[in-house]
**Q** 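Dropping a structure here in structure tokens format, bear with me for questions.
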Amino acid sequence: MATLVASENFSPTEDAEVLRRSVKGWGTDEKAVISILGHRNAAQRYEIRLAYEELYHEDLIKRLESELSGDFEKAMYRWILDPTDRYAVLAHVAMKKSDTDYNVIVEISSTLSPEELLAVRRAYQLRYKHSLEEDLAAHTTGDIRKLLVALVTTYRYDGSEINAKLANSEADILHDAIKDKAFNHEEVIRILSTRSKTQILATFNRYRDDHGISISKNLLDAGSDDFQKALHVVIRCLNDPKKYFEKVLRHAIKRTGTDEDALTRVIVTRAERDLKDIKEFYYKKNSVHLEHAVAKETSGDYKAFLVTLLGQEA
């Protein structure tokens, strides 16, 4: 369930007028910006952007970029984008880092529906004039390249049917590969990148039942390399994305120096999807409410905005 508290009765024209007053002249009224955009869903934000451009002949996103700064600007920019465009930007930024942040690519390819992923690929191509898989192949190498390109290019079946016999045989394939440390076996990549999510869950459950341990726990050991870690993220995202995102948030907050990029990414991308459930997991795991943890580790307008998206008022 979503944490976003969106206004049911809103006027895109009135919102555009308030936003214009908030960014015009000396200084910006950040509280007014948060009070509006922090309470509008994706469709409403799109209508506001259209109304703003029609009224003032300028792009609201570019105006906010020029008026805001720091982590708050980055979070607001991510938020106001159309969700498919946002994922395209996140993927591009992840690839442009000196070391490609493959976790972000895995999140996008493994947690979105087939139709959503296809829309992201189209948005990426429109924005950057290259395909997502083309850029991904250019910024990665070896087994990680094979895995990530397979994940972003596949179009998984999205139905609920399960083939129990197939789950049993593919659980054995995965177990043998892990036992033999043949993590890069083409069958491992094939199973994880092409099977429907319901089929993969059946395979993971069979694995646990047959071997008394979950596949994710069995995969990592002290000598885990980057490819093993990437596989681990794929499995966690496919198996239980809510628990995966709770862990991302926990690590972002508890590390020495908050990881604002990860914190922003999860809150902004999940606020309209399942952030309420992720909050519940976070409390069970840490005995602290997520909004309190976020408020403690952030400050200013950035804190106020994140806490608003978490369903609270700063």
Side-chain angles (χ1 to χ4, degrees), residues 81-159 166 170 173-174 176-178 180-201 203-204 215-216 219-220 224-241 244-245 248 261-262 265-266 269:
L81 287 173
D82 178 83
T84 54
D85 219 21
R86 176 198 302 148
Y87 282 116
V89 169
L90 287 171
H92 190 258
V93 170
M95 285 187 281
K96 289 298 183 181
K97 291 183 178 180
S98 55
D99 291 322
T100 299
D101 190 348
Y102 59 77
N103 284 12
V104 175
I105 306 298
V106 171
E107 288 172 15
I108 293 169
S109 59
S110 301
T111 65
L112 297 182
S113 72
E115 286 294 334
E116 288 171 331
L117 179 56
L118 184 59
V120 171
R121 291 170 61 193
R122 288 173 175 155
Y124 188 98
Q125 187 162 313
L126 184 63
R127 176 177 278 263
Y128 299 110
K129 312 308 177 188
H130 298 95
S131 70
L132 173 57
E133 50 269 36
E134 177 186 1
D135 283 355
L136 187 56
H139 287 87
T140 54
T141 59
D143 294 327
I144 286 184
R145 173 194 283 169
K146 293 177 185 176
L147 175 65
L148 296 184
V149 171
L151 286 169
V152 301
T153 56
T154 192
Y155 188 88
R156 298 179 191 271
Y157 173 64
D158 202 26
L166 186 65
E170 294 192 335
I173 291 172
L174 292 173
D176 290 344
I178 292 174
D180 297 337
K181 297 191 179 298
F183 306 109
N184 62 348
H185 195 288
E186 62 180 18
E187 285 292 273
V188 174
I189 294 176
R190 177 189 63 79
I191 292 167
L192 294 180
S193 64
T194 65
R195 292 302 183 201
S196 73
K197 293 181 181 179
T198 50
Q199 183 66 40
I200 284 179
L201 288 179
T203 299
F204 291 166
I215 184 172
S216 60
L219 181 64
L220 290 185
S224 298
D225 60 17
D226 285 345
F227 184 71
Q228 275 176 264
K229 292 174 183 176
L231 283 180
H232 187 252
V233 175
V234 173
I235 290 167
R236 286 184 59 84
C237 284
L238 291 170
N239 191 42
D240 197 332
Y244 165 79
F245 284 118
V248 174
D261 282 348
R265 184 177 79 250
V266 176
T269 59

**Q** Okay, side chain of Ser109, backbone of Val106: is any donor-acceptor separation there less than 3.5 Å?
**A** yes

**Q** Looking at Gln228, is its backbone amide N or carbonyl O close enough to the side chain of His232 to form a donor-acceptor pair, meaning the two atoms are under 3.5 Å apart?
**A** no

**Q** Kindly compute the distance separating CD1 (Ile215) from CG (Asn239), expressed to the nearest 0.5 Å.
**A** 9.0 Å

**Q** Between the main-chain N or O of Ser113 and the side-chain N or O of Glu116, is there a donor-acceptor pair closer than 3.5 Å?
**A** yes

**Q** Any salt bridge (charged side-chain N to carboxylate O under 4.0 Å, His left out) involving residues 181-191? Give me the pairs, sequence neighbours left out, ordered by first then second residue.
**A** Glu170-Arg190, Lys181-Asp221, Glu187-Arg190

**Q** Which atoms form the tightest heavy-atom contact between Ala94 and Val104, and what is the distance?
**A** CB-CB, 3.8 Å

**Q** How about His185 and Ile173: do any of their side-chain heavy atoms sit closer than 4.5 Å?
**A** no

**Q** Got a second to check how far Met95's CE is from Tyr102's OH, nearest 0.5 Å?
**A** 16.0 Å

**Q** Sort and list the pairs that fulfil salt bridge (charged side-chain N to carboxylate O under 4.0 Å, His left out) and have at least one residue in residues 86-95, not counting sequence neighbours.
**A** none

**Q** Would the number of heavy atoms belonging to other residues, nucleotides or ligands and lying under 6.0 Å from CG of Asp180 be above 12?
**A** yes

**Q** I'd like to check the ring pair (Phe, Tyr, Trp, His ring centres under 6.0 Å) partners of Tyr128; sequence neighbours left out, ordered by chain and number.
**A** His92, Tyr124

**Q** Could you work out, with salt bridge (Lys or Arg N to Asp or Glu O under 4.0 Å) as the rule, every residue matching Arg121, not counting sequence neighbours?
**A** Glu133

**Q** Quick one about Glu107 and Tyr87 (side-chain donor to acceptor, distance below 3.5 Å, no hydrogens or angles considered), yes or no?
**A** no

**Q** Under 3.5 Å, is there a donor-acceptor pair between the side chain of Arg156 and the main chain of Pro114?
**A** no

**Q** Under the salt bridge (Lys or Arg N to Asp or Glu O under 4.0 Å) rule, collect the residues that match up with Lys97, sequence neighbours excluded.
**A** Asp101

**Q** Measuring from Asp99:CG to Thr140:OG1, what's the distance to the nearest 0.5 Å?
**A** 12.5 Å

**Q** Can you tell me how far CG of Leu147 sits from CG of Leu192, rounded to the nearest 0.5 angstrom?
**A** 7.0 Å

**Q** So, for Ile189 and Asn184, which heavy atoms are closest and what is the spacing to 0.1 Å?
**A** CD1-O, 4.3 Å

**Q** Show the nearest heavy-atom pair for residues Ser110 and Cys237, with the distance to one decimal.
**A** CB-CB, 3.7 Å

**Q** Can you tell me how far the CD1 atom of Ile108 sits from the CG atom of Leu148, to the nearest 0.5 Å?
**A** 11.0 Å

**Q** Within the side chain of Arg195, is there an N or O that forms a donor-acceptor pair under 3.5 Å with the backbone of Ile200?
**A** no

**Q** Are Arg145 and Leu136 close enough, and set up right, to give a side-chain contact (heavy atoms from CB on, under 4.5 Å), and what steps lead you there?
**A** CA-CA 7 Å; Arg145 173 194 283 169; Leu136 187 56; over 6 Å; no

**Q** Stepwise, does the side-chain contact (heavy atoms from CB on, under 4.5 Å) test hold for Ile105 with Leu151?
**A** CA-CA 9 Å; Ile105 306 298; Leu151 286 169; over 6 Å; no

**Q** Report yes if the side chains of Phe183 and Asp143 come closer than 4.5 Å at any heavy-atom pair, otherwise no.
**A** no

**Q** Hey, what do you get for CD (Gln199) to CZ (Phe204), rounding to the nearest 0.5 Å?
**A** 11.0 Å

**Q** Can you tell me which residue pairs pass the salt bridge (charged side-chain N to carboxylate O under 4.0 Å, His left out) test with a partner in residues 230-240, sequence neighbours excluded?
**A** none

**Q** Which heavy atom in Ala119 sits nearest to a heavy atom in Thr84, and how many Å separate them?
**A** CB-CG2, 3.6 Å

**Q** Given 3.5 Å as the limit, does a donor-acceptor pair link the side chain of Thr154 with the main chain of Ala150, or not?
**A** no

